[in-house]
Amino acid sequence: MLQVSYIRDNREQVLERLAVKNFKQANLVDEVIQLDDARRQTQAKLDNTSAEANSAAKQIGELMRNSKKEEAEAIKAKTGVWKEDIKKYSEELAVIEEELYQKLVLLPNLPHSSVPKGLTPEDNEVVLENGAVPELPANALPHWELAAKYKLIDFELGVKITGAGFPVYTNKGAKLQRALINFFIDEAEKAGYKEVSVPLMVNEASGFGTGQLPDKEGQMYFVNEDSLYLIPTAEVPITNLYRDVILKADELPVKNCGHTPCFRREAGSYGAHVRGLNRLHQFDKVEIVQVVNPETSYDVLEQMSAHVQSLLQKLGLPYRVLRLCGGDMGFGSALTYDMETWSAAQQRWLEVSSVSNFETFQSNRLKLRFRNAEGKTQLAHTLNGSALALPRIVATLLENNQTDKGIKIPEVLVPYTKFEWID
RNA sequence: GGAGAGGUGUCUGAGUGGUCGAAAGAGCACGCCUGGAAAGUGUGUAUACGCCAAAAGUGUAUCGAGGGUUCGAAUCCCUCCCUCUCCGCCA
């Protein structure tokens with residue numbers, strides 16, 4: 001959520017930035033400003049009336065104590081009007097604030113100046129490519145066939161017990177899951193992230209804090225009986241750890257990592273692009289989250305991007321880094337890098353990570369502040385990224401490392417898997 | 001699931017209708033004291049939104065949340081949420 005005061009002070013810039021995100025309802029900006037004007041006026045009227053009523057009440061108390069009953073009654077007689085006005089103004093204020101809020105939540109975050117204009121994924125900017133694309137034999141298989149051949153994943157069994165998009169990992173497939181999770185967590189800890197293990201369900205306030213609610217509830221599974229949402233990413237519980245918190249300056253940066261399953265309804269398309277592990281309703285992911293001083297947030301974003309890249313390098317996966325264009329970015333992000341690995345058998349790039357700086361968009365909703373050098377409270381910046389999501393990593397590992405003898409496990413993973421080959 | 005107790009500032013904790021944004025203590029910050037530290041001592045120490053060019057100042061709101069009674073509510077009433085204890089169930 002954008003800050004109203006910022007919108008007021010930087011109207012032109014806000015409009016210009018929103019245009020980069022192809023935001024269509026630019027009129028909302030002026031409506032927000034007008035509503036805020038109205039809010040201030042009504043607030044002032046309410047405050048002034050309350051002040052009068054408060055001082056009258058004090059006088060009455062004083063007079064009663066001195067048993068000047070008649071004078072007290074005289075003042076009492078005047079309070080009726082104030083009471084009515086106070087009621088009227090606070091009702092007005094509530095209506096205005098609600099309207100303001102409803103419009104404010106429709107405004108996406110402002111994209112950073114480096115965000116390219118554009119509408120579709122084709123307009124994303126390739127920042128860099130790294131790693132050699134492997135030469136596969138002519139009979140190379142896509143990962144879903146490899147998974148069947150080596151009995152790593154049983155998709156049908158998942159359908160039986162739950163439904164499509166909930167695979168069952170078996171044998172070395174199950175081991176590989178656990179190995180990747182531990183490898184990713186260990187690497188994150190080496191990079192200074194503290195591991196947390198968090199609930200997989202969150203309440204509505206948490207969904208609001210990170211921006212999934214209102215509006216995107218369709219993407220989350222909802223437990224009606226208890227009004228809880230299954231988390232679509234560990235970003236939600238981990239970032240919400242700091243909701244309604246004022247951090248001391250020396251507590252920044254906060255660096256957390258955590259592994260969780262992620263649940264996504266993804267009511268979407270079918271076909272080759274979502275076959276196998278390409279798109280699932282449940283998958284495992286290690287997430288990294290930082291809460292930082294605004295002055296450092298873009299340096300931190302680069303560090304997080306470098307961390308994710310280092311994982312891909314260690315796993316020997318060819319990858320590229322994209323700077324998402326305005327049209328492809330998430331609602332709350334100011335700048336997003338996507339990391340994609342090259343799937344040799346599918347002959348296409350698969351998104352395996354997304355690293356974003358939310359600036360104050362989340363912290364404003366979360367009321368996540370820190371005390372700055374002047375001792376004043378200030379909104380912190382939040383960032384997060386996948387480091388990494390498992391399914392597509394597994395997909396490319398299986399596909400890219402397939403040989404006549406079986407599938408070769410990357411060296412860094414062998415201490416975790418305790419086997420070198422899937423065969 | 002059943003019964004009971006309770007939710008006050010960073011923490012402990014007082015406060016049952018007016019002088020309460022809230023005693024006291026602890027913690028923390030700064031100063032004094034000290035060769036240095038501890039002890040001692042003094043001062044300060046919530047957040048948000050207004051007004052003001054800004055600082056100073058000042059107004060309003062907030063004692064789990066929302067509503068009500070009252071000229072006036074942390075304090076009385078209602079609803080909801082949460083925590084704790086005991087019992088039941090149970091990984």
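Proteins get letters first, then strands, A, B, ... in listed order; numbering begins at 1 in each.
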Atom P, compared across B/G50 and B/A54: separation rounded to whole Å: 12 Å

With P as the reference atom in both, quote the distance from B/G25 to B/U41 in angstrom, rounded to an integer. 11 Å

With a cut-off of under 6.0 Å to the ring centre and 45° to the axis, is A/R323 in cation-pi contact with A/Y337? no

Nearest-angstrom distance, C1' atom, B/U58 to B/A5: 43 Å

Under 4.0 Å protein heavy-atom contacts per nucleotide of nucleotides 43-53 of chain B, with B for base, S for backbone only and - for none: ----SSSSS--

Hydrogens and angles aside, do A/Q43 and A/Y89 bring a side-chain donor and acceptor to less than 3.5 Å of each other? no

Counting only N and O atoms by type, is there a donor-acceptor contact under 3.5 Å from the side chain of A/N171 to the main-chain atoms of A/K151? yes

Determine whether the side chains of A/Q3 and A/S5 contain a donor N or O and an acceptor N or O closer than 3.5 Å. no

Inter-nucleotide C1' distance (B/G17, B/C86), Å rounded: 36 Å

Distance between P atoms of B/A23 and B/C30 (Å, rounded): 24 Å

If you restrict it to nitrogen or oxygen atoms, what contacts under 3.5 Å exist between nucleotides 71-75 of chain B and the protein, and what is each distance?
none

Rounded P spacing from B/G9 to B/G4 in Å: 27 Å

Does the pair A/E187/A/K190 count as a salt bridge with the N-to-O cut at 4.0 Å? yes

Toward the 5' end of RNA chain B, by each residue's nearest nucleotide, A/K376 or A/K87: A/K376

Take atom CG of A/L247 and atom P of B/U10, then tell me their distance rounded to the nearest Å. 14 Å

Listing for RNA chain B: consecutive Watson-Crick or G-U pair runs of at least 3, distance cutoff 3.5 Å, ranges ordered by first number, gives B:1-7 with B:81-87, B:10-12 with B:24-26, B:27-32 with B:40-45, B:46-51 with B:57-62, B:64-68 with B:76-80

Expressed in angstrom and rounded to an integer, what is the separation of A/L46 atom CG from B/U62 atom P? 11 Å

Could you check whether A/D36 pairs with A/R8 (Lys NZ or Arg NE/NH1/NH2 to Asp/Glu carboxylate O, under 4.0 Å)? yes

Grab the CD-C1' distance between A/Q59 and B/U19 for me, whole Å please. 15 Å

Taking the six-membered ring for Trp and the full ring for Phe, Tyr or His, determine whether the centres of A/F331 and A/F361 are under 6.0 Å apart. yes

If I pick the C1' atom on B/A65 and the same atom on B/U8, what distance separates them, to the nearest angstrom? 15 Å

Tell me if the aromatic rings of A/H112 and A/Y298 count as close, with their centers under 6.0 Å from one another. yes

Regarding A/K175 and the six-membered ring of A/F419, is the cationic atom NZ or CZ under 6.0 Å from the ring centre and inside 45° of its axis? no

Does some side-chain heavy atom of A/N384 sit less than 4.5 Å from a side-chain heavy atom of A/I288? no

With P as the reference atom in both, quote the distance from B/C90 to B/C81 in angstrom, rounded to an integer. 27 Å

Determine yes or no for a side-chain-to-main-chain donor-acceptor pair under 3.5 angstrom, with A/T260 supplying the side chain and A/C262 the backbone. no

Is it the case that A/N293 and A/H381 place a side-chain donor and acceptor less than 3.5 Å from each other? no

